[in-house]
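What follows is a short report on a single structure.
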Amino acid sequence: MKTFAPETEEESGCKALNAQEAGQWRKRNPPVSVWQIVAGQAVAALLVALAAWVLTGNAALGWSAAYGAFAVVAPAALLAYAMVRHKASVHPRAAWAGFFGGEIAKIAFTVALLAAAPRLVAGLHWVALLVGMLVAMKTYWVALWVRPGVRKTV
């Protein structure tokens, strides 16, 4: 087994930050709350459902899009809860278990919601449901991209 000597700051190209520099970095890169991302997904879900209903005049399309978005937002909220609950844990294994357990529950909940869709949504339109899901899934990327304090690179 090979062992490597630790790199110096000059070799690695990384500079250790002092307390003041670390504080400035934290100000420039504020943390994003998982609840803000879930709220952004819920707002996008509402907008896509309303747009589907208003643009087509078909309430079933709106409900289908809303249910598709709900099939993403509700499990995401479940995962967010699992992550926040175990975040303050002293043991890294509890945080790890919270994330992976939450992710497994999220996937199972999503599959259950999609399996129940034909029975729960009258006049279900699968394409509208998938569009609702897609918009809700991609919203978190937008939330991360437009958050305050993020430096744009060109």
Of all heavy-atom pairs between [X] and [Y], which one has the smallest distance, and what is that distance?
| X | Y | result |
| --- | --- | --- |
| Leu17 | Glu21 | CA-OE1, 3.4 Å |
| Val34 | Ala80 | CG2-CB, 3.7 Å |
| Ala77 | Val38 | CB-CG1, 4.0 Å |
| Ala44 | Thr139 | CB-OG1, 3.3 Å |

### Hydrophobic cluster membership, Ile37 vs Leu78, 4.5 Å side-chain cutoff
no
### Query
Are Leu130 and Phe109 co-members of a hydrophobic cluster defined by side-chain heavy atoms under 4.5 Å apart?
yes
### Task
Hydrophobic side-chain clustering at under 4.5 Å (ILVMFWY, transitive links): who's grouped with Leu47? Put none if nobody.
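Traced through the cluster, Leu47 reaches Val43.
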### Query
Using a side-chain heavy atom cutoff under 4.5 Å and only I, L, V, M, F, W and Y, what cluster partners does Leu46 have?
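Cluster partners of Leu46: Leu50, Trp53.
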Anything under 3.5 Å between a donor and an acceptor, one on a side chain of residues 54-75, the other on a protein residue two or more places apart or in another chain? List them.
residue	atom	partner	partner atom	Å
Thr56	OG1	Ala52	O	2.5
Thr56	OG1	Asn58	N	3.2
Asn58	OD1	Ala60	N	3.0
Ser64	OG	Ala60	O	2.8
Ser64	OG	His125	N	2.9
Tyr67	OH	Leu113	O	2.7

When the side chains of residues 99-106 are checked against the rest of the protein, which donor-acceptor pairs come out under 3.5 Å, sequence neighbours left out?
none

### Query
Could you go step by step and tell me if Leu114 and Leu129 meet the side-chain contact (heavy atoms from CB on, under 4.5 Å) rule?
CA-CA 9 Å; Leu114 291 176; Leu129 181 135; 3.8 Å; yes
#### Entry: Ala136 backbone acceptor or donor facing Gln41 side chain under 3.5 Å
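Pair found, side chain donor or acceptor close to backbone of Ala136.
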### Query
side-chain hydrogen bond (donor to acceptor under 3.5 Å, both in side chains) with Gln24: which residues, sequence neighbours excluded?
none
